[in-house]
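To start, the structure itself, in structure tokens.
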Amino acid sequence: MKKKVCLVVAIVMLLSLLFNGIPTVAAGVAARGVWGVNYGIVGFPLLIGLAALYFYRREE
């Protein structure tokens with residue numbers, strides 16, 4: 001059961017990055033430059049997805 005939850009969390013975080021995070025950051029970089037953007041909208045889902053994949057791999 002825990003493996004399925006970890007896999008679902010990783011997939012949701014990947015979709016969150018693809019459809020929400022990356023376009024928002026790209027628009028912010030275009031408007032304000034590299035140093036004026038909040039990268040938390042990409043970093044937080046990325047960290048959660050990596051943690052979920054770590055726990056998924058650890059269960060094997």
Side-chain angles (χ1 to χ4, degrees):
M1 177 69 178
K2 188 176 178 181
K3 285 183 73 166
K4 290 179 185 178
V5 171
C6 289
L7 189 61
V8 168
V9 168
I11 290 171
V12 168
M13 290 300 120
L14 177 66
L15 292 175
S16 171
L17 281 174
L18 288 176
F19 294 118
N20 190 24
I22 293 174
T24 303
V25 170
V29 168
R32 294 181 297 274
V34 175
W35 302 111
V37 178
N38 181 5
Y39 292 101
I41 198 166
V42 173
F44 188 65
L46 188 62
L47 287 176
I48 292 175
L50 288 175
L53 287 176
Y54 170 75
F55 287 121
Y56 178 79
R57 295 281 296 163
R58 195 175 87 171
E59 287 291 319
E60 288 182 2

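Applying the side-chain contact (heavy atoms from CB on, under 4.5 Å) criterion to L15, with sequence neighbours excluded, gives I11, F19.
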Cut-off 3.5 Å, no hydrogens considered: what does the side-chain donor-acceptor table look like for residues 27-49, sequence neighbours left out?
residue: R32; atom: NE; partner: G36; partner atom: O; Å: 3.0
residue: N38; atom: OD1; partner: G40; partner atom: N; Å: 3.0
residue: Y39; atom: OH; partner: V34; partner atom: O; Å: 2.9

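Remark: the backbone N or O of V12 is not paired with any side-chain donor or acceptor of S16 at under 3.5 angstrom.
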